[in-house]
Each structure stands twice: as C-alpha cells, then as structure tokens.
> 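Quick one: the structure is below, and I'll ask about it shortly.
What you see is a predicted model; the values in this text were computed from it and never measured.
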Protein chains: 2
Amino acid sequence: MSRSTPEGAARRRQHAELFAALGDATRLALVTTLAAGEPRSIAQLTAHSRVTRQAITKHLRVLERAGLVHCQRAGRESRYRFDPQPMDEMRAWLDRVSAQWDTLLARLKALVEE
Amino acid sequence: MSRSTPEGAARRRQHAELFAALGDATRLALVTTLAAGEPRSIAQLTAHSRVTRQAITKHLRVLERAGLVHCQRAGRESRYRFDPQPMDEMRAWLDRVSAQWDTLLARLKALVEE
DNA sequence: CGTAATAGCAACCCAATGGTTGCATCTTTC
DNA sequence: GAAAGATGCAACCATTGGGTTGCTATTACG
C-alpha cells in the first residue's frame, strides 16, 4: 500500500517533472506545434506567440530538461524537434493508475454482489 | 498550423491545469494512493507523508480543482475519492499529439521514398 | 566589410506556490 | 459536558517561475 521506497520517490519526482513540463499553456502550445511540424527555430516559435523570445527560450529549456524536445544548433539558429518518448511514459503511468482503479472497483463490486 | 483561436487557448489552459496538478511529487503520490484504494480522510493521507496536514490539504484542493479527486464530508472527516475521468482526457490529448507526430513522420518518409 | 538576423547571458520584477505555525470550529466519545 | 480528533482559516515565509529588458556574441548575406 504505497510503501514509498526511496527509488519510488525518485521515479515519482521524475514523473512529476514530466507532467509539470506540460503544466503550462505556453509550453503545451509549443509541444503541439513541434509535434505537428518539422523542427523550428526559436525565432519561428516566437513568431506565433504573444510573449518574448526569452520567455520562449526558457520554456524550451524546461521542455528539453524533461526530454520532450531536443535542440540542435544549425548555423545561427537553434532548431528544436519533438521527442515522443516521454509522452509514452506518461501514458504508461496514466494507464497503470487507471488499471489500479479499475481492479479496485471490480473487487468492490464483487464484494457487494457476494 | 496552430491557429491559436481563443477557444483553443482556453482548452489549452484547462489541459495545462490538469497536467500541472500532477506536476508535483506529493500530489502524484496522493493520486496513486487514492486510485489504489478507497476514499481516505485528510488525516489518513497525511499519516504516510512527511509534510504537514495543511500542506496535504492544499494539495488536495489543487487536485480537486483539477477534477482529479472529489471531496465528501463524512462526520468530522473529509473523505477524498479518486475520479478517473480527467486522466482519460489527458490520455486522449497525449494520443492526439502522438498521432500528429506519427502522421508527420509518415508523410516525411513518403516524401523521401518518392 | 558592414549590417541584419539569431541566439545566449545576466539582472531584475512580481506573482504564484509549497510549506509552516497558530488558532478557531465542529464531531465523537466517554 | 469536557476532552480528544479532524478540519478549516489566516497569516506568514522562502523559493520558484513566468516574464521582461539590456547587452553581447555569433552567423549569414548584401
């Protein structure tokens, strides 16, 4: 029953950082943009936004630390591309927790109908 | 190309709030606990944590505003129970974005092999 | 070569957040 | 009815976070 082992806590922190990376409207927009198109430079990503280039840069750094995007310098511009793997991890987590919930409901229902 | 309509922005803010709710290790632990067991009181949830009851209370309020848990007063205690629906929404969002990414890759591959 | 474009760095600001402590309120139970 | 249990509320604190401005460095291009 949620014996919080140290490793478990570390994993949880990792997952939390992942979710937190998507916990901002601007970053969410960046991710959708990058997932829907080819790699884009910071200037390009800033063009469609209402905030400063610096703000976008900070957000991209957060996304990069979470592994959701990767940066590659190309000439005078930094191209950011999407990486789907962390989102797969998130989905796996959501699935695990939902499954827990479902089995719990099933057990309770069985108890009632017994 | 990410024509950010006002409604789209509103939806994005909603989603961001959802993800942000899971963007904290303590809240993540609370959600897993509640999804794995029956409704629990604040005192019970605090018992297995290293932070104060007040901190847990605040976290539960955040989770409630995101719709991830619901509270019901029972006598002198407040019982919180898990609600799986918002997590389904998150999964749907992740699926949509991943699908976008996959179709993009497919299109690019087709272009190369053309 | 000079100029414009792209980006990085640093300092700063303000609001939100996670956390605490202290006290009041309402149930339960003896 | 009084004491113990479980919460709620409010104030407060330190840190983080989103955002900006100003300045510098590198790259592309006429």
> Identify, with sequence neighbours excluded, every residue that meets salt bridge (charged side-chain N to carboxylate O under 4.0 Å, His left out) alongside B:Arg61.
none
> Does A:Ala20 have any side chain to side chain contact (heavy atoms under 4.5 Å, CB included) partners at least two apart in sequence or in another chain, and if so, which?
none
> Filter on salt bridge (charged side-chain N to carboxylate O under 4.0 Å, His left out), then keep only pairs touching residues 15-32 of chain B, sequence neighbours left out; what's left?
none
> Output all residues satisfying side-chain hydrogen bond (donor to acceptor under 3.5 Å, both in side chains) with B:Gln54, sequence neighbours left out; order by chain, then residue number.
none
> Which residues pass the side chain to side chain contact (heavy atoms under 4.5 Å, CB included) test with B:Arg81, not counting sequence neighbours?
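Partners of B:Arg81 under the side chain to side chain contact (heavy atoms under 4.5 Å, CB included) test: B:Pro39, B:His70.
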> Output all residues satisfying side-chain hydrogen bond (donor to acceptor under 3.5 Å, both in side chains) with A:Gln72, sequence neighbours left out; order by chain, then residue number.
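Result, side-chain hydrogen bond (donor to acceptor under 3.5 Å, both in side chains) vs A:Gln72: none returned.
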> Is B:Thr57 close enough to D:dT7 that one of its side-chain N or O atoms is under 4.0 Å from OP1 or OP2 there?
no
> Within the 4.0 Å heavy-atom criterion, would you say A:Arg79 contacts the bases, only the backbone, or no part of the nucleic acid?
nothing
> Hey, where on DNA chain C does chain B first and last touch, going 5' to 3'? Cut-off is any atom under 4.0 Å from a heavy atom.
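Contact boundaries, 5' end first: C:dG18 to C:dT28.
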> Sequence neighbours excluded, which residues qualify as side chain to side chain contact (heavy atoms under 4.5 Å, CB included) partners of A:Thr46?
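Listed in chain order: A:Ile42, A:Arg53, A:Ile56.
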> Please identify each residue that fulfils side-chain hydrogen bond (donor to acceptor under 3.5 Å, both in side chains) with B:Arg79, with sequence neighbours left out.
B:Glu77
> Is any side-chain N or O of B:Arg61 closer than 4.0 Å to OP1 or OP2 of D:dC9?
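Yes.
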> Indicate the ring-plane relationship of A:His15 and A:Trp93, choosing parallel, tilted or perpendicular according to the 30° and 60° boundaries.
tilted
> Can you check nucleotides 16-20 of chain D for protein contacts, nitrogen or oxygen pairs under 3.5 Å, and list what you find?
residue : atom : partner : partner atom : Å
D:dG18  : OP1  : A:Arg27 : NH1          : 3.1
D:dG18  : OP1  : A:Arg27 : NH2          : 3.0
D:dG19  : OP2  : A:His59 : NE2          : 2.4
D:dG19  : N7   : A:Lys58 : NZ           : 3.0
D:dG19  : O6   : A:Lys58 : NZ           : 2.5
D:dT20  : OP1  : A:Thr52 : OG1          : 3.3
D:dT20  : OP2  : A:Thr52 : N            : 2.7
D:dT20  : OP2  : A:Thr52 : OG1          : 2.3
D:dT20  : O5'  : A:Thr52 : OG1          : 2.9

> Under the salt bridge (charged side-chain N to carboxylate O under 4.0 Å, His left out) rule, what pairs show up with a residue in residues 90-107 of chain A, not counting sequence neighbours?
A:Asp88-A:Arg91, A:Arg91-B:Asp95, A:Asp95-B:Arg91
> Polar pairs (N or O, both sides) under 3.5 Å between protein and nucleotides 24-29 of chain D?
none

